[in-house]
Amino acid sequence: MSLITVAGVSVDTRHWIGGQRVSSSSTFESVSPVDGTVLGAVARGGKDEADAAVAAAKAAFTQWSRMGAQARAEILFRLADLVEEHVEPLAQLETMDNGSLLRSHRRGVMPRVAMNIRFFAEYAATSLHHPEFQTRGHTNHVSWDPSGVAVIITPWNAPLMLATWRIGPALASGDTVVAKPPEWAPLTASYFADLTHQAGLPAGVFNVVQGLGTEAGAALTANRDVSRICFTGSVPTAKVIAHAAADNLIPCSFELGGKSPTVIFDDADLDLAVDLAIEQYDNAGQVCLAGTRLLVQDTIAEAFTERFVERARTIRQGDPRDEDTQIGPNIHLAHVERVRGFIDRAQADGATVVYGGQVNAELGPHYLQPTLIRDAAPGSEILTQEVFGPVLTMQTFSTEEQVLELANGTEFGLAACVVTGDRSRAERFCEHLVAGTIWVNCFFVRDLSAPFGGSKKSGIGREGGLWSFDFYADVKNTVYAPTGWKA
Ligand code: NAD
């Protein structure tokens, strides 16, 4: 069966290729982290489906790429409007599929999905000017030309938001797209495919191949007709994809993991510092940008810990469909075990679990308590590797120099949060902090025109605003001579 119904929302879980639903001979199950129920069977694609989707996208490229940014924008604006009209079913599906909060999907995430489409369509149509400049009387004309077929592979922690953050600029730039949604949360991509059809996207411009990363994903990255690979996910998978891309010499945009610091100086507003630290538990810690390493100045360490634990006790963990829930479940049981392994090994190594550390048995096996760990051994895995669960560590420091070394002391460089009351200290400190995004006295403020990406192992490239078009397009310079013209 291909049509499944989740929370009253029906979704066709076959692939979407060349404007049609396509089955596979095998399927995989989508299981809800909310209560462990099996939501239904999803088509499990492999090389045949991947190749068919790339062929469909390639066939649609000429028409879509030559249509012009304004005509494309009109269709994409309709798509954004349709997403807004379908926020509720999309929110319901996503919550059951990946366990994130329903109210966040309704008020933040799904409206942002619409914005991902609308913003880049508008940018391409109105802000992507073609600069011209002179060289010895010759005119250089710069253009952002569509490049071909973009393959977009994304993870489960914010499935449709992360997918459309790449799909939006790819389509707006004139590329055609094959998306491979995460096998742990595949449903909203299938629902979204129907919206692209209703919006009037020509057949083949947008395609979805469902399936496992090692099957459908690997086949897509190996296809020689692909012009761009856009990947959001973990560092180990990125290394595999980089090899595939190297064989075809295709540009990649990688948005990967993090181990970001939240740096709290003793001149900070303590209430604000505690609020920002608690915010790092959002989405049950399954946020690439989360500042999970709390680095707290030693002079306020005890006062901070006391206030933090007081606040942590008030966090309402529960069913993500409930309006007042603040933290829901983790994505699947193997992931919960993986996170628990980090906690157990840290404890065995001498670290102290100051708060949490257990599965919240009343709620079920997917619900790991928000956890704070102190006194972990310097250089230990809990301080250096991405845990991707509701686990924060706390280390102390005495000087700016010392905390800079701690903050920059992992192989990641995705983001950082800095809390201080001293503006000149903030500017001095941030200048040497290695991170794609730094938030000072705030967290998660995002503007789609700002550059976004990671330093070191947290990624390759930047997207957002013009940076997105630099990636999806082939930037071309045409030089016109002043002479040789007949008319
Ligand atoms: P993952 O790397 O396991 O999977 C991500 C996607 O890659 C999935 O769709 C998967 O099916 C696919 N995939 C797996 N193996 C593949 C292969 N060999 N070839 C092609 N595709 C393959 O990551 P995950 O566990 O789904 O997601 C969590 C990770 O994503 C964390 O590291 C997190 O930090 C990162 N992330 C980064 C950002 C960012 O913007 N930097 C945002 C969200 C998540």
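One-based numbering, in listed order, for ligands and for the atoms of each.
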Open item on the list: Tell me which pairs pass side chain to side chain donor-acceptor pair (under 3.5 Å) where either residue lies in residues 209-221, with sequence neighbours left out.
Closed with: R44-E215, S190-Q210
TODO: Verify, without hydrogens or angle tests, whether T371 (side chain) and G357 (backbone) share a donor-acceptor contact under 3.5 angstrom.
DONE: yes
TODO: Let me know which protein residues bring a heavy atom to under 4.0 Å of ligand 1; chain then number is fine for ordering.
DONE: I153, T154, P155, W156, N157, L162, K180, P181, P182, E183, G213, G217, A218, F231, T232, G233, S234, T237, V240, I241, E255, L256, G257, C288, E386, F388, L414, F452
Task: Cation-pi, W165 ring and R446 (6.0 angstrom, 45 degrees) - done: yes
TODO: Report the residues that fulfil salt bridge (Lys or Arg N to Asp or Glu O under 4.0 Å) with D48, sequence neighbours left out, ordered by chain and then residue number.
DONE: none
Task: Lys/Arg-Asp/Glu bridge criterion (N-O < 4.0 Å) met for R166, D175 - done: no
Open item on the list: Can you list everything that forms a salt bridge (Lys or Arg N to Asp or Glu O under 4.0 Å) with E49? Sequence neighbours excluded, please.
Closed with: none
